[in-house]
Every structure is written in C-alpha cells, then in structure tokens.
Visitor: 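Next up is a structure, given as structure tokens.
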Amino acid sequence: MAEHTEYFDRVAQAVVDCDKDTCLRLLDEGGDIDPLEILEKGLGKGIRRIGDDFGAGRVFLPELIGAADVMKAGVAVLDERIKASGRARESLGKIVIGTVRGDIHDIGKSVVASMLQANGYDVVDLGIDVDEAEFVRVAQEEKAACVGLSSLLTLQIENMGVVIEKLKDAGIRDQVKVIVGGAPVTQEFADEIGADAVGYDAADAVAKMKTLLGH
Ligand code: B1M
C-alpha cells in the first residue's frame, strides 16, 4: 500500500540517520503493520543502504555501528511482535542456531531464530562467533533436529564447512540437518560443503526448515 511505502521509507531513513528515537516512535505507530514487512522493507532497507555506503567508502565504521544500534533496538521491538504471532503449540523440533566463528553479525541470525520460534520450533541460540565444537556439543546434548549456521563474512563462511566436518567426526551428521544462510552464502557453496539447505531470508529459512524436517 502506498501509505506503507512512505512509512517504510521513513523507518529506513531513521536507521540511516542513526536516529533511534524516531525509529522507535515510528515502530510504535506501525503496530498494525506486519512486523516482518517492517523489518524487511523498513529497517532492512536502511541497514542495507548504510552497508552499501560503507562498502563504497562513503560512510565509516562509527556510522555503521550507530545504524546497527538503531536496527537492533528496532528488531527487539519487532521481535516481540513476531514471537507473539506464534501460537503456543507442541514443538516441531529443536534447532541449534548461531553465527560461525570469526563473525559477530547477529541481527539476521536473531531474526531467523525468532521466526523459527514463532513457527513452532524450539530454538537454542548460541549467539555469535561460535566455535565449531560448541555447535556439535550442543547439538548432541539437545538432540537437535537441525543446526542453523549464519555468516555475513565471505572469509568466515568456510567455517560452516568445518562445523559439518565436526558433526561427521562426532558421528551425528546423519541425525541432524544443516541449514546455512547469510548474504554471501549461495546454493553452490552449500552444495560444496554438504549442507542440506540454504535460507535466503527469514521466511525462506522457515519454509526450508519445514521441508527439511518434513512438516
Ligand atoms: Co558488517 N559487514 N562488518 N557490521 N555489516 C557487512 C556484512 C558488509 C557486507 C558491509 C560492506 O562492506 N558492504 C561487510 C562484509 C563483506 C564480506 O565479507 N562479504 C561487513 C564487514 C566487512 C564488517 C567488518 C569486518 C568491518 C570492520 O570491522 N572493518 C566487521 C566484522 C567484524 C567481525 O564479524 N569479525 C563488521 C561489523 C559490523 C557491525 C558490528 C558494525 C554491525 C553488526 C552489528 C550486529 O550484528 N550486532 C555490522 C552491520 C550492521 C553490517 C551490515 C550493514 C548489515 C547486516 C545486517 O544486520 N543486515 C552489512 C551490510 C549488508 O548486509 N548489506 C555488513 C540486516 C539483517 C536483517 O540481514 O544479516 O543479511 P542479514 O540476514 C538476513 C539474511 O542474510 C538471512 O536471513 C536474514 C533475515 O532476512 N540469513 C539467514 C542470515 N543468517 C541466516 C541463517 C539461516 C537462514 C537465513 O539459516 C541458519
């Protein structure tokens, strides 16, 4: 809807401007809009714009950090709405998720975790910069149905393959599915490291999870 387009643009601009107060006020005003849509078309659009500017050298790390701070505050608000939209039901399975070693980006991974939770999965979020052995240990301990690996850094996505190798070493690779995601992750890469699926965004991650676990 046209009025939503303008609303999403204002949310995006608040992220670009590192203006947390305006962003949170706008999110308050948008209580009747689908939180996932606000996330993708508002907050997501703003943070991607800053990311592109950062990549092109037009803005520097302090702006990136400031915008990420606004994004995180906004995601926390939307997160509550996303979780509240999931009805209480029997768990569809346990997912262990985290950002791989060497990578501290946590916003996208946390959104995916919330969406999985809202869709009936039990999620154990290990956080960021997670060592391969930790993924394996928790997957074993929690009898996870799936391990979710996130990374936004081209140099760190290789660590996803290391996790898969460690799952094999521990003898549990055939008991857990592995889904990978994050901007630099492609289907080709997933095939190369032997992952079971790629999630391109949070909604896609849920859809792929349902297929993987047969729901
Ligand atoms: Co970073 N950063 N950053 N950063 N940062 C990127 C990723 C970058 C593309 C920016 C750029 O140069 N244009 C670039 C990576 C280049 C590359 O390797 N390809 C980059 C860099 C270089 C860096 C540093 C190295 C900068 C430096 O220090 N010189 C550093 C990394 C340090 C480290 O990790 N060791 C760094 C730091 C940071 C901040 C701390 C400032 C901050 C993160 C704050 C935080 O997470 N708490 C930050 C941010 C915010 C970004 C950008 C701007 C935005 C990331 C984001 O939150 N997006 C990013 C540029 C960009 O993405 N255009 C950038 C919003 C989020 C909702 O989307 O994370 O893509 P996204 O997640 C999506 C999908 O990818 C998918 O679903 C999510 C929801 O739709 N998905 C999955 C993600 N994980 C999934 C898992 C799944 C399935 C789907 O299954 C398990």
Side-chain angles (χ1 to χ4, degrees), residues 11-12 15-16 18 34-76 78-79 82 95-119 121 123-130 135 139 144-160 163-164 176-187 189-190 193 195-213:
V11 173
V15 174
V16 172
C18 304
D34 176 2
L36 206 59
E37 231 188 318
I38 303 180
L39 183 77
E40 292 292 340
K41 298 179 182 170
L43 296 176
K45 186 174 168 194
I47 200 79
R48 282 191 294 274
R49 201 186 311 156
I50 277 282
D52 290 347
D53 285 348
F54 176 74
R58 289 189 290 269
V59 301
F60 301 99
L61 204 52
E63 283 101 322
L64 188 64
I65 292 171
D69 187 41
V70 176
M71 171 99 191
K72 275 202 84 167
V75 168
L78 297 180
D79 209 29
I82 291 171
I95 318 294
V96 172
I97 194 168
T99 302
V100 299
R101 180 167 52 83
D103 190 339
I104 62 165
H105 292 90
D106 75 341
I107 296 171
K109 177 267 302 160
S110 301
V111 171
V112 171
S114 297
M115 274 291 282
L116 288 170
Q117 226 168 320
N119 279 274
Y121 294 95
V123 178
V124 181
D125 186 344
L126 300 180
I128 54 173
D129 190 17
V130 181
F135 279 110
C146 183
V147 171
L149 306 172
S150 176
S151 180
L152 296 193
L153 296 178
T154 309
L155 289 177
Q156 308 305 327
I157 58 174
E158 294 299 332
N159 292 336
M160 295 176 166
V163 175
I164 292 176
V176 282
K177 301 289 183 192
V178 176
I179 182 168
V180 292
V185 178
T186 59
Q187 182 64 56
F189 173 75
I193 62 169
D196 298 298
V198 187
Y200 291 106
D201 57 35
D204 188 46
V206 172
K208 299 278 174 60
M209 190 65 74
K210 286 183 175 168
T211 307
L212 277 184
L213 301 184

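Numbering of ligands and ligand atoms starts at 1, following listing order.
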Visitor: Would you confirm whether D196, through its side chain, and I179, through its main-chain N or O, come within 3.5 Å as a donor-acceptor pair?
Guide: no

Visitor: Output the list of atoms in ligand 1 that are nearer than 4.0 Å to some heavy atom of K72, sorted by atom number.
Guide: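 Listed by number with element, the hits are 47 (N).
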
Visitor: Out of curiosity, L64 CG to C18 SG, how far, rounded to the nearest 0.5 Å?
Guide: 9.0 Å

Visitor: Got an N/O contact under 3.5 Å between E40 and ligand 1?
Guide: yes

Visitor: Looking only at heavy atoms, which two atoms of V147 and A139 are closest? And how far apart?
Guide: CG2-CB, 3.8 Å

Visitor: Set out, in order, the CA-CA distance, both residues' side-chain angles and the distance that settles side-chain contact (heavy atoms from CB on, under 4.5 Å) for K210 and Y121, then state yes or no.
Guide: CA-CA 10 Å; K210 286 183 175 168; Y121 294 95; 3.5 Å; yes

Visitor: Is atom 89 (C) of ligand 1 in close reach of the protein, with a heavy atom under 4.0 Å away?
Guide: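 Under 4.0 Å from atom 89 (C) of ligand 1, at least one protein heavy atom found.
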
Visitor: Could you walk me through whether V124 and I95 pass the side-chain contact (heavy atoms from CB on, under 4.5 Å) check?
Guide: CA-CA 6 Å; V124 181; I95 318 294; over 6 Å; no

Visitor: For ligand 1, which part of A205 has a heavy atom less than 4.0 Å away: the side chain, the backbone, both, or neither?
Guide: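 Side chain only; the backbone of A205 stays clear of ligand 1.
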
Visitor: If the cut-off is 4.0 Å to any non-hydrogen atom of D106, which atoms of ligand 1 fall inside it?
Guide: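 Near D106, meaning under 4.0 Å from one of its heavy atoms, ligand 1 has 45 (C), 46 (O), 47 (N).
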
Visitor: Show the nearest heavy-atom pair for residues D106 and T99, with the distance to one decimal.
Guide: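 The answer is CA-OG1, 4.3 Å.
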
Visitor: Can you name the atoms of ligand 1, numbered from 1 with element, that are less than 4.0 Å from a heavy atom of A202?
Guide: 77 (O), 79 (C), 80 (O)

Visitor: Quick one: side chain to side chain contact (heavy atoms under 4.5 Å, CB included) partners of V75, sequence neighbours excluded?
Guide: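 Listed in chain order: L39, L43, M71, I107, V111.
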
Visitor: Taking atom OG1 of T186 and atom OH of Y200, what is their separation to the nearest 0.5 Å?
Guide: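 Rounded to the nearest 0.5 Å, the OG1-OH separation comes out at 6.5 Å.
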
Visitor: For atom 1 (Co) of ligand 1, state how many protein N, O or S atoms fall inside a distance shorter than 2.8 Å.
Guide: 1

Visitor: Counting only nitrogen or oxygen atoms and a 3.5 angstrom limit, does G102 reach ligand 1?
Guide: yes

Visitor: Roughly how far apart are I50 CD1 and I65 CD1, rounded to 0.5 Å?
Guide: 11.5 Å

Visitor: Quick check on contacts: which atoms of ligand 1 are under 4.0 angstrom from a heavy atom of Y200?
Guide: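 Numbered from 1, ligand 1 contributes 74 (C), 76 (C).
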
Visitor: For atom 28 (O) of ligand 1, which protein heavy atom lies nearest, and how many Å away is it?
Guide: L61 CD2, 4.0 Å

Visitor: Identify, by atom number and element, the atoms of ligand 1 in contact range of M71, meaning under 4.0 Å from any of its heavy atoms.
Guide: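 Listed by number with element, the hits are 65 (C), 67 (C).
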
Visitor: Check each atom of ligand 1 against the heavy atoms of I104 and keep those under 4.0 Å away; list them by number with element.
Guide: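 Numbered from 1, ligand 1 contributes 32 (C), 33 (C), 34 (O), 46 (O).
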
Visitor: For ligand 1, which atoms, with element, lie under 4.0 Å from some heavy atom of T154?
Guide: 17 (C), 18 (O), 19 (N)

Visitor: Could an N or O of ligand 1 be found under 3.5 Å from any N or O of D201, whether backbone or side chain?
Guide: no

Visitor: In Å and rounded to the nearest 0.5 Å, what is the NZ to OG distance from K72 to S110?
Guide: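 Interatomic distance, K72 NZ to S110 OG, rounded to 0.5 Å: 6.5 Å.
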
Visitor: Atom SG in C146, atom CE in M209: separation rounded to 0.5 Å?
Guide: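 Between atom SG of C146 and atom CE of M209 there are 3.5 Å.
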
Visitor: Any salt bridge linking D204 with K208? Criterion: basic side-chain nitrogen under 4.0 Å from a carboxylate oxygen.
Guide: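 Yes, D204 and K208 are salt-bridged.
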
Visitor: Do protein heavy atoms approach atom 8 (C) of ligand 1 to less than 4.0 Å?
Guide: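 Within 4.0 Å: no protein heavy atom nearby.
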
Visitor: Record the part of L149 in heavy-atom contact with ligand 1 below 4.0 Å; permitted values are side chain, backbone, both and neither.
Guide: backbone

Visitor: Please could you name the atoms of ligand 1 that A183 approaches to less than 4.0 Å, counting only its heavy atoms?
Guide: 75 (O)

Visitor: Can you check whether R101's main-chain N or O pairs, donor with acceptor, with N159's side chain at less than 3.5 Å?
Guide: yes

Visitor: Could you tell me whether atom 62 (O) of ligand 1 has a protein heavy atom closer than 4.0 Å?
Guide: no

Visitor: I'd like to know whether L61 forms a side-chain contact (heavy atoms from CB on, under 4.5 Å) with F54, so could you lay out the CA-CA distance, the side-chain angles of the two residues, the decisive distance to 0.1 Å, and finally the verdict.
Guide: CA-CA 7 Å; L61 204 52; F54 176 74; 4.0 Å; yes

Visitor: Which residue supplies the protein heavy atom nearest to atom 84 (N) of ligand 1, what is that atom called, and how far is it?
Guide: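 For atom 84 (N) of ligand 1, the nearest protein heavy atom is S150 OG, 2.8 Å.
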
Visitor: Residue-level breakdown please: for V112 versus ligand 1, do any non-hydrogen atoms fall below 4.0 Å on the side chain, on the backbone, on both, or on neither?
Guide: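 Side chain only.
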
Visitor: Counting non-hydrogen protein atoms only, what is the nearest one to atom 58 (N) of ligand 1? Give residue, atom name and distance.
Guide: I47 CG2, 3.7 Å

Visitor: Hey, does the side chain of D129 reach the backbone of G102 with a donor-acceptor pair shorter than 3.5 angstrom?
Guide: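 Pair found, side chain donor or acceptor close to backbone of G102.
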
Visitor: Is atom 48 (C) of ligand 1 near the protein, in the sense that some protein heavy atom lies at less than 4.0 Å from it?
Guide: yes

Visitor: Quick one: look up the protein heavy atom nearest atom 73 (C) of ligand 1 and list residue, atom name and how far away it is.
Guide: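 Looking at atom 73 (C) of ligand 1, the protein heavy atom closest to it is G108 CA, 4.2 Å.
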
Visitor: When you compare the side chains of S114 and D79, does any donor N or O come within less than 3.5 Å of an acceptor on the partner?
Guide: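 Indeed, the side chains of S114 and D79 share at least one donor-acceptor pair under 3.5 Å.
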
Visitor: Around atom 41 (C) of ligand 1, find the nearest protein heavy atom and jot down its residue, atom name and distance.
Guide: I65 CG1, 3.6 Å

Visitor: Is any heavy atom of the protein nearer than 4.0 Å to atom 82 (C) of ligand 1?
Guide: yes

Visitor: To the nearest 0.5 Å, tell me how far T154 OG1 sits from D103 CG.
Guide: 10.0 Å

Visitor: Tell me the protein heavy atom at minimum distance from atom 87 (C) of ligand 1, and give that distance in Å.
Guide: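 Result for atom 87 (C) of ligand 1: G181 CA, 3.6 Å.
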
Visitor: What closest approach, in Å, do L78 and P35 show between heavy atoms, and which atom pair accounts for it?
Guide: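 Closest heavy-atom pair between L78 and P35: CD1-O, 3.7 Å.
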
